[in-house]
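To keep things clear, I will list the structure first and then write my remarks on it.
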Amino acid sequence: MNTVSRADDNASIHIQFDDNSLLPLLFGAHDKHLARIEQLLGVSLASRGNHVVIAGATESVDTACTALRNLYKQLQNGEAVNDSVVDAAVRMARGGESATGGSHIQIHRKRISPRSQAQSQYIRAMQDHDLVFGIGPAGTGKTYLAVCAAVEMFSAGKVDRIILSRPAVEAGERLGFLPGDMQEKIDPYLRPLFDALHDMLPGDQVVRRIASGEFEVAPLAFMRGRTLANAFIILDEAQNTTTTQMKMFLTRLGENSRMVVTGDLSQVDLPSGMRPGLRDAVETLDGVSGVRFVRFTDADVVRPPLVARIIKAYEASEAKPKDTS
């Protein structure tokens, strides 16, 4: 129930929540979640029992009300609410979008909701298109959500395999110079993909699926000459592919397969003067039917706020002319 009063540019909204058992999780310890919404939106929130009164500038009050109701719905859906989820709810509410409706990923009993509008577009794109590019800075959820989408389709029986790949450019593709067997050589470059898998599924199931070949995690060089059918295929760190490697990878797409390519064009590790395959693909495939590009910015970073500020500071620095004297 909402009771609203408005005067000039200010407003007050009185919200009542039905399930008292969810309120400690909604408000946070010592009402820290309410305090965070106050800080982000410049409003005041006062709670008493199962009632909350929000007061302040009309637009900010409406945003706070939407964020608080979305968080309550997430708790009703069995999702956890923490500091980063509160930030995400405010971010989504500012854009007029609910994290509880529309796009989401469901894996068994675990529901993954978007934490920014770009994430929402990305999830929809992966569900509706055969080839999706997620482009933007670290911390925006590109790789994690791609793995989530892959596990969702695999668990639903829509694909038979998940194939995860990265270019091993940090080793100059010269894996033979590293110590250990082949698995030990490639593990450091593929660890983020392993970590995302383990976050979605029990560790023993991940190991079993890898052993059976249903999950494959391999360097990009291992993709050459293959046709990947009935699979969800992810290429991570794609800014470190050459144009030849990117074309090779994209043409591996087989029948009944989905492909997601992620990368950050501000973090290219290729030798100076070499054109990144990701940049070339963005320009070459623009307007091609069945291909969807989703672009993330520092505003979509879902790591702690300091990370977003660091990314923004580096972007500003890189945009300035450099003193070469």
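Values below: every heavy atom of this structure, side chains too, minus hydrogens, waters and symmetry copies.
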Taking [X] for the side chain and [Y] for the main chain, is one N or O donor matched with an acceptor at less than 3.5 Å?
| X | Y | value |
| --- | --- | --- |
| N82 | V85 | yes |
| R292 | F133 | no |
| Q245 | T242 | yes |
| S155 | I107 | no |
| T284 | D280 | yes |
| R252 | M248 | yes |
| Q239 | D264 | yes |
| T251 | K247 | yes |
| S257 | L253 | no |
| R36 | S84 | no |

Quiz item: Got a sec, which pairs hit ring-ring contact (aromatic ring centres under 6.0 Å, His included) with one end in residues 249-273, sequence neighbours left out?
Solution: none
Hey, quick one: are [X] and [Y] part of the same hydrophobic cluster, counting side-chain heavy atoms closer than 4.5 Å, chains of contacts allowed?
| X | Y | value |
| --- | --- | --- |
| L45 | L25 | yes |
| V206 | V151 | yes |
| L265 | M246 | yes |
| L235 | V282 | yes |

Quiz prompt | Chi angles and distances behind the salt bridge (Lys or Arg N to Asp or Glu O under 4.0 Å) call for E283, R275 | solution = CA-CA 12 Å; E283 296 174 5; R275 182 172 172 79; 2.5 Å; yes
Exercise. For D87 and R115, run salt bridge (Lys or Arg N to Asp or Glu O under 4.0 Å): C-alpha distance rounded to whole Å, both residues' side-chain angles, the deciding distance at 0.1 Å, then the answer.
Key: CA-CA 8 Å; D87 287 358; R115 296 190 177 184; over 6 Å; no
Quiz item: Does the distance from a Lys or Arg side-chain N to an Asp or Glu carboxylate O, for E152 and K110, drop under 4.0 Å?
Solution: no
Self-check item: SB check K142 D236 (cutoff 4.0 Å)
Solution: no
I'd like to know if the side chain of [X] pairs up with that of [Y] as donor and acceptor (distance under 3.5 Å, no hydrogens or angles considered).
| X | Y | answer |
| --- | --- | --- |
| R124 | Q121 | no |
| D195 | Y144 | no |
| Q119 | Q117 | no |
| E79 | S113 | yes |
| D300 | S116 | yes |

Quiz prompt | For F215, ring-ring contact (aromatic ring centres under 6.0 Å, His included) partners two or more places apart | solution = F154
Listed partners of [X] passing side-chain contact (heavy atoms from CB on, under 4.5 Å), at least two apart:
| X | result |
| --- | --- |
| A67 | A89, V90, A93 |
| K158 | M153, A156 |
| D160 | N230 |

Exercise. For side chain to side chain contact (heavy atoms under 4.5 Å, CB included), just list the numbers for I13 and D62, CA-CA rounded to whole Å, side-chain angles, deciding distance to a tenth of an Å, and then say yes or no.
Key: CA-CA 8 Å; I13 295 181; D62 290 340; 3.6 Å; yes
Exercise. Output, in order, the C-alpha distance, side-chain angles, deciding distance and verdict of side chain to side chain contact (heavy atoms under 4.5 Å, CB included) for H33 and V81.
Key: CA-CA 9 Å; H33 295 159; V81 169; 3.8 Å; yes
Practice problem: For the pair F296 and Y122, name the ring-plane relationship: parallel under 30°, tilted 30 to 60°, perpendicular over 60°. | Solution: perpendicular
Quiz item: Can you check side chain to side chain contact (heavy atoms under 4.5 Å, CB included) on V261 and V132, steps first, answer last?
Solution: CA-CA 6 Å; V261 178; V132 176; over 6 Å; no
Quiz item: Which residue pairs pass the salt bridge (Lys or Arg N to Asp or Glu O under 4.0 Å) test when at least one of the two sits in residues 207-219, sequence neighbours left out?
Solution: R209-E214, E216-R226
